[in-house]
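Keep in mind that this is a model prediction, so the values were computed, not measured. Residue numbers begin at 1 in each chain, while the letters A, B, ... track the order of the sequences.
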Amino acid sequence: MAAHLRLMIQTTQPVEPDDRQLVQTIRDGDTDAFEQLVRRKTSKVYALCYRIIGNPEDAKDISQLVFIKLWENLEKYDAKYAFDTWLYRMVTNVAIDFIRNRQSRENAVNSNLRLVKTSTDAEQGVVFQRKEIETVFNDVASVLSPKQKTIFVMREMEDLPSSEIAKILGCRESTVRNHLFNARKLMQQQLQKRYPEYAQLWRSR
Amino acid sequence: MITCELFRSRFTPGTDDVEVLEHLRACENCFAFAAQADADMLFRGIGGGEMIPPGGVDAFVSDVMREVHLRSTEKIASHPKFGWARRLAVAATLAAAVAGTLYYPRQQRVTPVQTTASVQPATSAMTRPVIEKYDSDTATIVEMPTEGAEDVKVVMIFDERLPADL
């Protein structure tokens with residue numbers, strides 16, 4: 001009998017609410033649910049910000065700003081659409097604005113201070129250090145427009161399909177492909193000029 | 001995550017294989033291998049996955065929540081919620097103000113016409129005592145009948161010697 005009873009007891013495992021359910025709970029006034037959402041999305045949002053902005057501290061500030069904007073605009077979210085698409089749109093808008101403002105503040109000369117490496121450096125061969133590649137990327141991507149860089153990051157580093165990027169940015173898929181093509185071309189030119197050892201490897205597709 | 005052997009067997013230039021990309025972004029040796037085989041992997045190798053913000057996720061989240069609470073409090077302070085009694089009071093005040101605004105100009109329009117006619121008696125009333133005494137042996141007093149306790153009482157005095165302007 002005891003065994004029989006045990007079978008009848010439901011084993012209810014706590015099920016994590018999905019993004020849409022969490023948003024609804026937040027709209028109903030549950031601040032703890034918002035904390036849960038922030039915790040869930042922090043790493044992704046920060047990674048995207050970092051890759052677009054290229055500086056950990058600025059990326060952290062911008063990510064926090066994104067979440068605050070998210071809190072203030074949550075009423076505008078339409079549950080018909082994927083939450084991540086809406087969130088990524090907010091991330092890209094804030095990050096692009098930040099880059100534009102930073103670019104207008106900075107002296108254009110600053111970004112071109114790195115001297116071209118000597119041929120001896122190039123002859124020594126390329127050691128694939130992930131950190132070094134990150135520096136190279138941040139350096140050569142500084143010539144891209146904020147939108148080009150955002151598209152490049154989302155496609156090549158976040159592995160998002162062009163169709164999804166188009167949805168996030170509110171443009172056509174062909175526009176995404178054009179931006180991507182131009183971004184690669186510009187980066188190839190910069191690599192040639194400033195990192196010839198990598199330019200030999202990397203080519204524009 | 002797949003093994004290095006599996007990665008190298010499955011790796012093809014321009015791949016979008018999720019498992020291959022995951023391995024590429026985690027393994028230094030395979031990253032070098034992939035970049036030499038397909039230079040497009042150079043920048044793809046540094047992407048993907050998730051990142052921890054400086055200071056950790058807990059500190060990040062608590063910073064965000066502090067700011068959210070602060071902004072919510074500021075919002076409430078700048079737009080306090082009224083109780084029903086206060087709302088009623090505000091509504092009554094507004095209604096009175098609107099009614100007053102509508103009524104007052106009408107009063108102003110009517111008053112000048114009346115004023116010209118009534119200024120003179122008012123002035124004389126001010127200068128003359130309200131009750132005057134005089135003696136008469138010939139006066140006739142007629143009191144009009146009233147229809148109730150609240151009806152106005154009318155008294156008529158007839159006297160040949162009574163001053164005309166009384």
*Select all residues of residues 43-57 of chain A having any heavy atom within less than 4.5 Å of some heavy atom of chain B, and report them by number, or 'none'.*
Ser43(A), Lys44(A), Tyr46(A), Ala47(A), Tyr50(A), Arg51(A), Pro56(A), Glu57(A)
_Contact class of Val140(A) relative to chain B, heavy atoms under 4.5 angstrom_ = side chain
_What part of Asp16(B) gets within 4.5 angstrom of chain A, counting heavy atoms only: side chain, backbone, both, or neither?_
side chain
*Is there a side-chain contact between Leu21(B) and Asp159(A), using heavy atoms and a 4.5 Å cut-off?*
yes
*Report yes if some heavy atom in the side chain of Met187(A) is under 4.5 Å from a heavy atom in the side chain of Phe43(B); otherwise report no.*
yes
_Segment of Leu70(B) engaging chain A (4.5 angstrom heavy-atom cut-off)_ = neither
*Where does Arg25(B) contact chain A at under 4.5 Å (heavy atoms): side chain, backbone, both or neither?*
both
*Rounded to the nearest 0.5 Å, what separation is found between the OG1 atom of Thr135(A) and the CD1 atom of Ile46(B)?*
8.5 Å
*Which of residues 22-40 of chain A have a heavy atom under 4.5 Å from any heavy atom of chain B?*
Thr31(A), Phe34(A), Glu35(A), Val38(A), Arg39(A)
*Should we say atom NZ of Lys41(A) is surrounded by more than 12 heavy atoms from elsewhere, each under 6.0 Å from it?*
yes
*Can you check whether Phe67(A) reaches Val68(B) side chain to side chain, under 4.5 Å on heavy atoms?*
no
*Mind running side-chain contact (heavy atoms from CB on, under 4.5 Å) on Arg44(B) and Met157(A) for me, showing each step along the way?*
CA-CA 5 Å; Arg44(B) 295 195 83 178; Met157(A) 297 177 167; over 6 Å; no
*Which one of Val61(B), Ile52(B), Val57(B) has the most heavy-atom pairs closer than 4.5 Å to chain A?*
Val61(B)
_What I'd like to find out is whether the side chain of Gln64(A) reaches to under 4.5 Å of the side chain of Glu67(B), using heavy atoms alone._
no
*Which answer fits Ser62(B), side chain, backbone, both or neither, if we ask what part of it has an atom under 4.5 Å from a heavy atom of chain A?*
neither
